[in-house]
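Taking it in order: structure first as C-alpha cells, then the write-up.
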Amino acid sequence: RQTRFRCVCVILLIWEVCIANIYFFIYYCFKLQTTDHRKSHHQVSNDVIHTHKHHILTHTQKMLSRTDVASVTSWLAPIIWEGTFDATLIDFIYKQQNLTIATTVFALGKYTRFLKDFLESAEQHYFVGFRVHYYLFTDHPEEVPEVKMGENHRLIVRKVPSMNRWQDISMGRMEILEKLIKNELASEADYIFCLDVDAKFYGRWGVESLGRLVGVIHPWYFDAPRDKFTYERRPESQAYIPVEEGDYYFTGAAFGGSLEDVHHLTKTCREQMNIDIANSIEALWHEESHLNKYFLHNKPSKLLSPEYLWRDINAWAAQIKVVRFSHVAKNNAEVRPNA
Ligand SMILES: CC(=O)N[C@H]1[C@@H](OP(=O)(O)OP(=O)(O)OC[C@H]2O[C@@H](n3ccc(=O)[nH]c3=O)[C@H](O)[C@@H]2O)O[C@H](CO)[C@H](O)[C@@H]1O
Ligand SMILES: [Mn+2]
C-alpha cells in the first residue's frame with residue numbers, strides 16, 4: 001500500500017511539474033509578445049513625431065515587384081513602374097525633407113492653348129502636398145489662364161521672345177533652362193523637372209520620381225530593340241550614337257534631377273547644339289537627340305517608365321498599369337508656327 005501511495009505521489013508531482021511548465025510557457029510567450037510590441041513602438045516614436053507611423057513603417061515589409069518589366073538598369077538605377085514603390089511610405093520619407101521642386105514649361109505661339117489642361121491636371125496629380133514652383137515661359141503672358149494653385153504651389157510667368165521654327169523653340173529650352181538654374185534657382189529649389197506643355201496628368205506623379213539625374217523612357221520605344229531607336233546616326237552631328245551603342249531611348253518631353261546635374265545636362269546639350277549649328281547640321285530629333293547622347297555618357301540615376309510620359313491616354317500596352325502623364329493629340333501642322 002505504501003508503495004502504491006508513493007507511486008501516486010510521484011505521478012502527482014510529475015503532473016504538477018508539467019502544469020507549472022505549461023503555465024510558465026504561456027506566461028513567457030505572452031511576455032515576449034508584449035515586450036516586442038513595446039520595443040517596436042518605442043523605436044518608432046524615437047524616429048517620428050506622428051502617431052500612425054508604426055503602421056506606415058511596417059509597409060516596408062510588403063513585397064513590391066514586377067515580373068513583366070525590368071525595374072532596375074544594368075548600372076543599378078531603379079526604373080519606376082506602378083507596383084515597384086509604396087506611395088505612402090515614400091511620401092512620408094520625403095515629407096521630412098521640406099523640398100521645393102521647380103518645374104519648367106514652355107508655351108509659345110499657339111501652345112498656350114495647352115496650358116489650362118496642363119496646369120489644372122497638374123494641380124490634381126503633380127507633387128500634391130509638396131512645394132512646387134512652376135516657371136512658365138511664354139511669348140503671350142496675357143494668354144496664361146487663371147488656374148487655382150494648391151497649397152505650396154506657385155506659378156511664375158516669364159516672357160520670352162517669339163520664334164519662327166518649332167524646332168528652335170524646342171531646342172531653345174536648353175539654354176533658357178541653363179540660365180534659369182544658374183541665375184535663379186540655387187536658393188529656390190532642390191530638384192527640377194522640365195516638361196512638355198502639350199500633355200496632361202491623369203495619375204500621381206510624386207516624390208518617387210526624384211533623383212540626381214532622371215530620364216523618362218520614350219513611350220514609342222520602351223519595348224523596341226536598340227536598332228530601332230531613333231538616335232542621331234550621322235557622325236557629323238555631336239548627337240551621334242553608333243548602332244551598337246545606347247541603353248534606352250529617352251524622351252525630350254520630360255527630364256529632371258538635382259539642380260547641379262540638370263544644369264550640367266542643359267549646358268552640355270546647349271553647347272553641343274551650337275557646335276551642330278556651326279557645322280550646319282541639326283540632329284534628327286533636335287534636343288532629344290542630344291539628350292540621348294548626354295544620357296549615354298552620363299547615366300541617369302533613376303529612370304521613369306513610360307507611365308510618366310505616355311503617347312496618348314487611349315493608347316494601350318499591357319505593361320502600363322497607370323497613365324500618369326500623357327501627350328494630348330494635336331494637329332502639328334495647325335499648332336506649330338512652321339509645319
Ligand atoms: C512623337 C514625336 O514626334 N515627338 C517628338 C517631338 O515632340 P512633340 O511633337 O511633342 O514636340 P512639341 O511640338 O510638343 O514641342 C516641344 C515643346 O516645345 C514647346 N513649343 C513647341 C512649339 C511651339 O510652337 N510652341 C511651344 O511652346 C512646347 O513646350 C512643346 O511641348 O519633338 C520633340 C523635340 O524635338 C521630340 O523629338 C519628340 O520625340
Ligand atoms: Mn510635346
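Order of appearance sets the numbers: ligands from 1, and atoms from 1 within every ligand.
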Verdict with reasoning, Q124 to Y202, per side-chain hydrogen bond (donor to acceptor under 3.5 Å, both in side chains): CA-CA 8 Å; Q124 281 177 35; Y202 297 89; over 6 Å; no
Quick one: nearest non-hydrogen protein atom to [atom], plus distance?
atom                    : answer
atom 32 (O) of ligand 1 : W166 CZ3, 3.5 Å
atom 19 (C) of ligand 1 : I169 CG2, 3.9 Å
atom 1 (C) of ligand 1  : W220 NE1, 4.1 Å
atom 36 (C) of ligand 1 : E288 OE2, 3.4 Å
atom 7 (O) of ligand 1  : R336 NH2, 4.4 Å
atom 37 (O) of ligand 1 : W285 CE3, 3.1 Å
atom 29 (O) of ligand 1 : F106 O, 2.6 Å
atom 34 (C) of ligand 1 : S170 OG, 3.3 Å

Ligand 1 contact on [X] by region, counting heavy-atom pairs under 4.0 Å:
X    : result
H327 : side chain
Q167 : neither
L108 : both
K110 : neither
Y111 : side chain

How many degrees, to 10°, between H327 NE2 and D198 OD1 as seen from the Mn ion (ligand 2)? 100°
Looking at the rings of [X] and [Y], which for Trp means the six-membered one, are their centres under 6.0 Å apart?
X    : Y    : value
W205 : F193 : yes
F106 : F137 : yes
Y249 : F222 : no
W310 : H218 : no
H125 : F325 : no

Measure the distances from the heavy atoms of [X] to every atom of ligand 1 and state whether one is below 4.0 angstrom.
X    : answer
R173 : yes
P337 : yes
R311 : no
T251 : no
A107 : yes

Mind listing the closest non-hydrogen atom pair of F127 and L210 along with its distance?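 Residues F127 and L210, closest heavy atoms: CZ-CD2, 3.7 Å.
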Looking at E175 and R270, does any basic side-chain N land under 4.0 Å from a carboxylate oxygen?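 A salt bridge is absent here (no side-chain N lies under 4.0 Å from a carboxylate O).
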Inspect the surroundings of CG in N164 and state if more than 12 heavy atoms from other residues, nucleotides or ligands are less than 6.0 Å away. no
Are more than 12 heavy atoms from other residues, nucleotides or ligands located less than 6.0 Å from atom NZ of K95?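 Check passes, neighbour count above 12.
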Heteroatom of D196 nearest to the Mn ion (ligand 2) (N, O or S, atom name): OD2
Note: ligand 1 atoms sitting under 4.0 Å from heavy atoms of D198 are 10 (O), 14 (O), 31 (O)
Taking only heavy atoms of K330, which atoms of ligand 1 are found under 4.0 Å from at least one of them? 8 (P), 9 (O), 10 (O), 12 (P), 13 (O), 14 (O)
Considering all protein heavy atoms, does one lie under 4.0 Å from atom 4 (N) of ligand 1? no
Any protein heavy atom < 4.0 Å from atom 21 (C) of ligand 1: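 Within 4.0 Å of atom 21 (C) of ligand 1, protein heavy atoms are found.
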Criterion ring-ring contact (aromatic ring centres under 6.0 Å, His included) on Y248 and F295, from CA distance to verdict: CA-CA 9 Å; Y248 296 86; F295 280 151; over 10 Å; no
For F118, the option from Y126, F201, Y111 that meets ring-ring contact (aromatic ring centres under 6.0 Å, His included): F201
May I ask you to establish whether R311 and W220 are in a cation-pi arrangement, using a distance under 6.0 Å from NZ or CZ to the six-membered ring centre and at most 45° from the ring axis?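 Flagged: R311 positioned over aromatic ring of W220.
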Students should find that the hydrophobic cluster of V8, defined by side-chain heavy atoms under 4.5 Å apart, otherwise consists of L12
